[in-house]
Colleague: 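Okay, here's the structure, questions in a sec.
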Amino acid sequence: MERTGPTVRFSGLLAAATAAVLAAGALVATAPAAGAADVDLARNGGFESGLDGWSCTAASGAAVSTPVHGGTKALKATPAGSDNAKCSQSVTVKPNSSYTLSAWVQGSYVYLGASGTGTTDVSTWTQSSGAWKQLTTTFRTGPSTTSVSVYTHGWYGTPAHYVDDLTLVGPGGDPVVIPAVPAGLKTTAITASSVALSWNAVSGASGYNVYRGGTKVATVTGPSATVTGLTPSTAYSFQVSATNAAGESAKSAAITATTTAGGGGGGDTKLPARALVGYLHSSFANGSGYTRMADVPDSWDVINLAFGEPTSVTSGDIRFSLCPVAECPNVESEAEFKAAIKAKQAAGKKVLISIGGQNGQVQLASTAARDAFVTSVSKIIDTYGLDGLDIDFEGHSLSLNTGDTDFRSPTSPVIVNLISAVKSLKAKYGSDFVLTMAPETFFVQLGYQFYGSGPWGGQDPRAGAYLPVIHALRDDLTLLHVQDYNSGPIMGLDNQYHTMGGADFHIAMTDMLLAGFPVAGDTTKVFPGLRPDQVAIGLPASTQAGNGHTTPAEVNKALNCLIKKTDCGSYQTRGTWSDLRGLMTWSINWDRFNNWEFSRNFDAYFGN
């Protein structure tokens, strides 16, 4: 979390986008003549049957009767916000074969392409087309490619475009047959509330269904899944089947897994079903101004005091004090602050001390630092009568030593000592102790690709470094609210990069936390998904609060997709997360500065 708002510069982004457009233009190809045995494989390429066979992002696509190139219908697609109006379909093809993709388009910056070719994915585009123009490109499939995705899309902020008479000409793919029954089903991780499973991949399968006690509980695209929301110390039976366009295989042989005993933690803290979490600048002021505890509106269910900071990076000795009068002329007295905390708690609110932040580097590299952390944090909690702890370690607070490659059994002292310290605090304060964490995406979701310095060294040792902490404390964890801002592009479970600022980023990043994922791509080391009630989405409250501000409309789209599985874009969630806990923001102060836009939208969406 930042004490001050960043300066956002767009020139580099614009240049990169321009370069991408110019590069895409180089992909235009001249179509070779189709062979005698070639056929058109695209389904409903003239959109005469509406969008049958096509999947379009959000509500961007529709079949219209004018204008058309041929027949009586054409596709009209309208980009909006971060949605580029992509429409796609999966087509069965033959390996090691050549194909010609063609479509007639009308509009500016209209793209036509194919992905999943097994060789080089291709696309072509037109910069400006006042009349119908044919786009054409070619590709060759790889030695094991049996299906490709063909697509069209527009460009962000441009008007609606039209597509008609799309064809994919080449050898017809072999008939799709129902895949074989998956073998090798086993557990890879078990907690009090989740079971992580893996199995052998099945040739020809496009997805898998996971069953618990004979009831389907998850659909995934790869040979692993994490079933969440389970009861501690309970035996469950699991099976898995393989699916493709032809149908579903029989279920695998069942295995039984028993969840571990509960830690009395995360779920028993009396938070509302939908919670709004905010950080309150209590120890400093910035451009947002100081907000007194008593002036925090009732909308906020969890108030994190920012920040407790160490006397030195490695001391573990955490201190907290109210903002000095010279910096915050309207700061309340210590007695008024404590009284306001009690009033919030009487109204059912939780008040926590947040440790770290942008400037508060904390490295518990020794047992002495660990013990000092426990002692000093306990003193802060007792002095102000707080409900628990928020861990906001950033920068170089957490990193993994070379050779520390398994998040399930960490060896790096700063990781091991932090886990031990938090467990000691939990044991001291009991089951009502509220524990939250606010890591950056670099320390969590980036772990899908990279973990620590890697098996051969050379990577940033901080990559994915929060994962062992989250995993070890998952049964004590009340809320994880990853900061979906101040982030570079992050790869999601669809193996596509997602960029902050729109609904798509929050959907993809949150889905990863709930579905789980193999760490550094290793399917033997799957990070199990968290329960939906343990997860909130972290966002900046205003454009001044951090890079990646998301408009209320885009926030609502993300919530719709995750909770209701509606209003989704190109990213398809692995589940419907109806119990998602809520939202977190940096910060309450910045929301006040922005006329309470963030909290008002939260209240309106959830009917508070």
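Quick caveat, the model's predicted, so the values are computed rather than measured. For reference, positions follow the sequence shown, starting with 1.
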Colleague: Please answer whether the main-chain N or O of Gly575 pairs with a side-chain N or O of Thr573 as donor and acceptor at a distance below 3.5 Å.
Modeller: yes
Colleague: Using the six-membered ring of Tyr605, assess whether NZ or CZ of Arg274 lies under 6.0 Å from its centre and within 45 degrees of the ring axis.
Modeller: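 Arg274 over Tyr605 ring: no.
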Colleague: Given side-chain contact (heavy atoms from CB on, under 4.5 Å), test Phe238 with Ser252 step by step and report yes or no.
Modeller: CA-CA 9 Å; Phe238 297 98; Ser252 69; over 6 Å; no
Colleague: Measuring only between side-chain heavy atoms, which start at C-beta, is Pro223 closer than 4.5 Å to Ser198?
Modeller: no
Colleague: Do the charged groups of Asp52 and Arg43 touch, with an N to O distance under 4.0 Å?
Modeller: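 Salt bridge between Asp52 and Arg43, a charged N being under 4.0 Å from a carboxylate O: yes.
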Colleague: Return the orientation label for the Tyr429 and Phe433 ring planes: parallel under 30°, perpendicular over 60°, tilted otherwise.
Modeller: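 Taking Phe433 first and then Tyr429, their aromatic rings lie parallel (interplane angle under 30°).
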Colleague: Does the Arg462 side chain pair with the main chain of Gly395, one donor and one acceptor, at a distance under 3.5 Å?
Modeller: yes
Colleague: Within a strict 4.5 Å, meaning less than it, do heavy atoms of the Leu514 and Arg574 side chains meet?
Modeller: no
Colleague: Does the distance from a Lys or Arg side-chain N to an Asp or Glu carboxylate O, for Asp567 and Lys557, drop under 4.0 Å?
Modeller: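 Salt bridge between Asp567 and Lys557, a charged N being under 4.0 Å from a carboxylate O: no.
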Colleague: Would you check if the side chain of Thr226 reaches a backbone N or O of Gly516 as a donor-acceptor pair within less than 3.5 Å?
Modeller: no
Colleague: Atom OG in Ser224, atom CZ in Phe517: separation rounded to 0.5 Å?
Modeller: 11.0 Å
Colleague: Can a donor-acceptor pair be found, under 3.5 Å and without considering hydrogens, that links the side chain of Asp484 to the backbone of Leu539?
Modeller: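 No, because the side chain of Asp484 does not come within donor-acceptor range (under 3.5 Å) of the backbone of Leu539.
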Colleague: Using the test side chain to side chain contact (heavy atoms under 4.5 Å, CB included), find all partners of Asn244 that sit at least two apart in sequence or belong to another chain.
Modeller: Val176, Pro179, Ser206, Ala246
Colleague: Check each of Thr585, Asp392, Asp390 against Tyr279 using the side-chain hydrogen bond (donor to acceptor under 3.5 Å, both in side chains) test, and report the only one that passes.
Modeller: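 That would be Asp390; it is the only one of Thr585, Asp392, Asp390 passing the side-chain hydrogen bond (donor to acceptor under 3.5 Å, both in side chains) with Tyr279.
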Colleague: Filter on side-chain hydrogen bond (donor to acceptor under 3.5 Å, both in side chains), then keep only pairs touching residues 445-454, sequence neighbours left out; what's left?
Modeller: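 For residues 445-454, and leaving out neighbouring residues, the side-chain hydrogen bond (donor to acceptor under 3.5 Å, both in side chains) pairs sorted by first residue read Tyr448-Asn495, Gln449-Tyr497.
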Colleague: Any idea which heavy atoms bring Pro410 and Ile419 closest together, and the distance?
Modeller: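 Taking every non-hydrogen atom into account, CG-CD1, 4.2 Å.
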Colleague: Between Asp579 and Arg531, is there a side-chain N and carboxylate O pair less than 4.0 Å apart?
Modeller: no
Colleague: Rounded to the nearest 0.5 Å, what's the gap from CG on Asp476 to CG on Leu435? Could you check?
Modeller: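 Between Asp476 CG and Leu435 CG, I get 7.0 Å after rounding to 0.5 Å.
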Colleague: Any heavy-atom pair between the side chains of Leu467 and Val444 that's under 4.5 Å?
Modeller: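 In short, these two side chains touch, coming nearer than 4.5 Å.
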Colleague: Would one find more than 12 heavy atoms of other residues, nucleotides or ligands at under 6.0 Å from atom NZ of Lys428?
Modeller: yes
Colleague: Is the backbone N or O of Lys94 less than 3.5 Å from a side-chain atom of Thr141, with the two atoms forming a donor-acceptor pair by type?
Modeller: yes
Colleague: Kindly indicate whether the side chain of Phe450, heavy atoms from C-beta on, has any atom under 4.5 Å from the side chain of Asp460.
Modeller: no
Colleague: For the atom pair CH2 (Trp199) and OG1 (Thr523), what is the distance rounded to the nearest 0.5 Å?
Modeller: 10.5 Å
Colleague: Go through Leu352 and Val302 one step at a time and tell me if the side-chain contact (heavy atoms from CB on, under 4.5 Å) criterion holds.
Modeller: CA-CA 7 Å; Leu352 317 181; Val302 181; 3.9 Å; yes
Colleague: Output the distance between atom OG (Ser412) and atom CG (Asn401), rounded to the nearest 0.5 Å.
Modeller: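 Between atom OG of Ser412 and atom CG of Asn401 there are 3.5 Å.
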Colleague: Distance-only, no hydrogens or angles: does the His481 side chain make a donor-acceptor pair with backbone N or O of Leu479 under 3.5 Å?
Modeller: no
Colleague: Determine the minimum heavy-atom distance between Ala253 and Leu185, stating which atoms define it.
Modeller: O-CD2, 3.9 Å
Colleague: Does Val277 reach the side chain of Asp301, with side-chain heavy atoms less than 4.5 Å apart?
Modeller: no
Colleague: Is there side-chain contact between Val535 and Val482, with heavy atoms separated by less than 4.5 Å?
Modeller: no
Colleague: The test is side-chain contact (heavy atoms from CB on, under 4.5 Å); show your working for Tyr466 and Phe393 and say whether it passes.
Modeller: CA-CA 9 Å; Tyr466 250 95; Phe393 284 18; 3.6 Å; yes
Colleague: Quick check on side-chain contact (heavy atoms from CB on, under 4.5 Å): which of Thr576, Thr510, Ile507, Asn556 does Cys561 satisfy it with?
Modeller: Ile507
Colleague: Output, in order, the C-alpha distance, side-chain angles, deciding distance and verdict of side-chain contact (heavy atoms from CB on, under 4.5 Å) for Ile355 and Ile391.
Modeller: CA-CA 5 Å; Ile355 308 297; Ile391 301 173; 6.0 Å; no
Colleague: Taking the cut-offs as 6.0 angstrom to the six-membered ring centre and 45 degrees off its axis, would you call Lys525 and Phe407 a cation-pi pair?
Modeller: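 Judged by the rule (NZ or CZ under 6.0 Å from the ring centre, within 45° of its axis), Lys525 is not positioned above Phe407.
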Colleague: Within a strict 4.5 Å, meaning less than it, do heavy atoms of the Pro171 and Ser97 side chains meet?
Modeller: yes
Colleague: Which pair of non-hydrogen atoms, one from Val374 and one from Leu425, has the smallest distance, and what is that distance?
Modeller: O-CD2, 3.8 Å
Colleague: Would you say NZ of Lys186 has more than 12 non-hydrogen atoms from neighbouring residues, nucleotides or ligands within 6.0 angstrom?
Modeller: no
Colleague: So among Ser570, Cys87, Ser123, Ser55, which one has a side-chain contact (heavy atoms from CB on, under 4.5 Å) with Tyr151?
Modeller: Ser123
Colleague: How far does OG1 of Thr188 sit from CZ of Arg408, to the nearest 0.5 angstrom?
Modeller: 7.0 Å
Colleague: Measure the CG-OG distance between Asp404 and Ser399 for me, rounded to the nearest 0.5 Å.
Modeller: 9.5 Å
Colleague: Looking only at heavy atoms, what is the nearest atom pair of Lys216 and Tyr211, with distance?
Modeller: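 Result for this residue pair: N-CD2, 3.3 Å.
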Colleague: So does Leu477 get a backbone contact from the side chain of Gln534, meaning a donor-acceptor N/O pair under 3.5 Å?
Modeller: yes
Colleague: Could you check whether His549 and Tyr485 have their ring centres less than 6.0 Å apart?
Modeller: no
Colleague: Treating Thr243 as the side-chain partner and Gly207 as the backbone partner, does any N or O pair qualify as donor plus acceptor under 3.5 Å?
Modeller: yes
Colleague: Quickly, which of His506, Arg581, Met509 forms a side-chain contact (heavy atoms from CB on, under 4.5 Å) with Ile537? Name it, please.
Modeller: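 Only match with Ile537 under side-chain contact (heavy atoms from CB on, under 4.5 Å): His506.
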Colleague: Strictly by modelled atom types, are Glu248 and Ser241 linked by a side-chain donor-acceptor pair under 3.5 Å?
Modeller: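 Their side chains do contain a donor-acceptor pair, which is all the 3.5 Å distance test asks for.
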Colleague: Could you tell me whether a side-chain N or O of Thr550 sits under 3.5 Å from a main-chain N or O of Gly548, the two making a donor and an acceptor?
Modeller: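 Checking the backbone N and O of Gly548 against the side chain of Thr550, a donor-acceptor pair under 3.5 Å is found.
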Colleague: Classify the ring geometry of Phe139 against Tyr99: parallel below 30°, tilted from 30° to 60°, perpendicular beyond 60°.
Modeller: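 Ring orientation of Phe139 relative to Tyr99: parallel.
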Colleague: Hey, does Phe598 have a side-chain heavy atom less than 4.5 Å from the side chain of Leu276?
Modeller: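 They are in contact (side-chain heavy atoms under 4.5 Å apart), so the answer is yes.
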Colleague: What do the steps show when you test Asn209 against Thr219 for side-chain hydrogen bond (donor to acceptor under 3.5 Å, both in side chains), and what is the final call?
Modeller: CA-CA 5 Å; Asn209 292 331; Thr219 298; 3.0 Å; yes
Colleague: Looking at Thr145 and Gly118, what are the two nearest heavy atoms and their distance?
Modeller: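 Closest pair (atom of Thr145, atom of Gly118, distance): OG1-CA, 3.4 Å.
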Colleague: Kindly say whether the aromatic ring centers of Phe602 and Phe606 come within a distance under 6.0 Å.
Modeller: yes
Colleague: When you measure from the side chain of Ser420 to the backbone of Val416, do you find a donor-acceptor pair of N or O atoms at a distance under 3.5 Å?
Modeller: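 No, Ser420 side chain to Val416 backbone: no donor-acceptor pair under 3.5 Å.
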Colleague: Any idea which heavy atoms bring Ala257 and Ile190 closest together, and the distance?
Modeller: CB-CD1, 4.0 Å
